[in-house]
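Every chain is numbered from 1 and lettered A, B, ... according to where its sequence line falls, protein lines coming before strand lines.
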There are 2 protein chains.
Amino acid sequence: MVERESRYDLGAILKAASDPTRRAILTMLAQQGPLRVTDIARRFEMSLNSVSKHIKVLENAGLVQRRTEWREHLIEVQMDPLSAVDEWFAGLRSIWALRLDALETALEDPEDDGTVP
Amino acid sequence: MVERESRYDLGAILKAASDPTRRAILTMLAQQGPLRVTDIARRFEMSLNSVSKHIKVLENAGLVQRRTEWREHLIEVQMDPLSAVDEWFAGLRSIWALRLDALETALEDPEDDGTVP
DNA sequence: ACTTCAGTCAACCATTTGGGTGAATAATGC
DNA sequence: GCATTATTCACCCAAATGGTTGACTGAAGT
């Protein structure tokens with residue numbers, strides 16, 4: 001059985017994705033497939049070190065996976081954690097919709113004064 | 001015609017949502033409907049000021065809206081910006097899927113050597 | 001052995017962030 | 001007019017962030 005459950009840190013995912021450089025890295029990886037750190041860095045006007053740090057943030061959030069073959073670190077995008085965000089959004093939307101439903105019902109029911117405590 | 005287009009700042013939305021306190025505020029607002037700043041703050045072990053700041057961050061990202069009726073500021077959750085995130089995720093996933101498709105096709109076609117440049 | 005290449009680690013710096021306090025603003029209630 | 005209520009504004013502070021450079025580790029090529 002697959003260990004279903006949000007094993008991902010929602011905050012970490014969102015924070016990782018909130019940086020434009022890191023989003024660009026993710027896009028690049030999705031388009032081009034697994035890349036080495038150096039290859040990624042070369043496409044940015046930024047030091048290799050900074051890119052390496054960004055990758056570590058992404059890795060930490062689970063948005064990227066590292067396959068250390070040979071002396072090269074192949075970085076691969078990982079879409080799974082995104083679903084944790086999807087799920088949180090869905091949850092938020094549903095409780096919001098639920099409240100609206102309750103509100104409507106209350107309005108139809110004249111016993112209630114229509115206020116939401 | 002509705003001004004469709006991502007008028008939202010993806011980075012701002014993600015960053016705003018990356019903080020646990022702010023996520024809690026959003027959840028609270030979704031459950032309870034519009035609330036005053038003070039009401040929100042009372043539910044946290046945190047100064048009113050800090051909560052006020054958090055709300056401003058959310059407001060800035062478009063995730064909440066302020067209806068300044070009377071002297072009270074009614075804060076209301078706004079789900080629209082979330083779709084900007086949805087869309088970005090969808091885009092990322094689709095370019096990723098596209099690349100995989102291309103890869104498969106290449107593998108079926110023996111003229112290609114199977115490598116992805 | 002020596003050099004080069006791929007990356008990380010460590011230290012540093014400026015800026016942002018998340019928190020706090022106290023004063024300021026503005027409307028209401030007396 | 002004065003106190004109360006609701007909220008923001010202006011600072012202060014510690015910690016985190018995004019970037020830099022320079023030293024280090026480890027594998028490959030010569």
Subject >> Partner of A:I75 under side-chain contact (heavy atoms from CB on, under 4.5 Å), chosen from A:D39, A:L35, A:L29 >> reply: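 One option only clears the test, and that one is A:L29.
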**OP:** Only one of A:V57, A:L26, A:I40 passes side-chain contact (heavy atoms from CB on, under 4.5 Å) with A:V64; say which it is.
**Re:**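 For A:V64, the side-chain contact (heavy atoms from CB on, under 4.5 Å) test succeeds with only one of A:V57, A:L26, A:I40, which is A:L26.
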Original post:
Does the side chain of A:Y8 reach to within under 4.5 Å of the side chain of A:E87, using non-hydrogen atoms?
Top reply: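 The answer is no; the side chains never approach within 4.5 Å.
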Original post:
Mind checking whether A:W96 and A:R93 have side chains closer than 4.5 Å, heavy atoms only?
Top reply: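 Heavy-atom side-chain distance check fails, nothing below 4.5 Å.
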Original post:
Using a cut-off of less than 4.0 Å, is there contact between a side-chain N or O of A:S50 and OP1 or OP2 of D:dT20?
Top reply: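 Affirmative; the distance criterion is met.
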Original post:
Does a side-chain N or O from A:S47 land closer than 4.0 Å to OP1 or OP2 of D:dT20, or not?
Top reply: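 Result: yes.
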Which heavy atom of [X] sits nearest a heavy atom of [Y], and at what distance?
| X | Y | result |
| --- | --- | --- |
| A:P81 | A:G62 | CG-O, 3.1 Å |
| B:T27 | A:W88 | OG1-CZ2, 3.9 Å |
| A:R99 | B:Q31 | CD-O, 2.7 Å |
| A:A16 | A:L63 | CB-CD1, 4.0 Å |

How many Å lie between [atom1] on [X] and [atom2] on [N], as a whole number?
| X | N | atom1 | atom2 | result |
| --- | --- | --- | --- | --- |
| A:R67 | C:dA6 | CZ | P | 18 Å |
| A:E45 | D:dG18 | CD | C1' | 16 Å |
| A:L48 | D:dC24 | CG | C1' | 14 Å |
| A:H73 | C:dC5 | NE2 | C1' | 12 Å |
| A:R66 | C:dG7 | CZ | P | 9 Å |
| A:L74 | C:dT8 | CG | P | 12 Å |
| A:R36 | D:dA28 | CZ | C1' | 13 Å |
| B:I40 | D:dT5 | CD1 | P | 20 Å |

Original post:
Out of A:K53, A:R66, A:R22, which residue meets the salt bridge (charged side-chain N to carboxylate O under 4.0 Å, His left out) rule with A:E59?
Top reply: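 Per the salt bridge (charged side-chain N to carboxylate O under 4.0 Å, His left out) rule, the option paired with A:E59 is A:R66, out of A:K53, A:R66, A:R22.
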Original post:
When you measure from the side chain of B:R67 to the backbone N and O of B:E76, does any donor-acceptor pair fall under 3.5 Å?
Top reply: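 Side chain of B:R67 to backbone of B:E76: no pair is present.
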Subject >> B:D9/B:K15 salt bridge by N-O under 4.0 Å criterion >> reply: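 Salt bridge between B:K15 and B:D9, a charged N being under 4.0 Å from a carboxylate O: no.
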Could you pull out the protein-nucleic contacts involving nucleotides 24-30 of chain C (nitrogen or oxygen on both sides, under 3.5 Å)?
{"unit_1": "C:dA27", "atom_1": "N3", "unit_2": "B:R71", "atom_2": "NH1", "d": "3.4"}

**OP:** Sugar-phosphate atoms are those with a prime plus P, OP1 and OP2; base atoms are the rest. Using that split, label each nucleotide of nucleotides 9-18 of chain C B, S or - for protein heavy atoms under 4.0 Å, 5' to 3'.
**Re:** BBB-----SS
Subject >> Pairing stems for DNA chain D [at least three consecutive pairs; Watson-Crick or G-U; under 3.5 angstrom] >> reply: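 In DNA chain D, stems of three or more pairs: C:1-30 with D:1-30.
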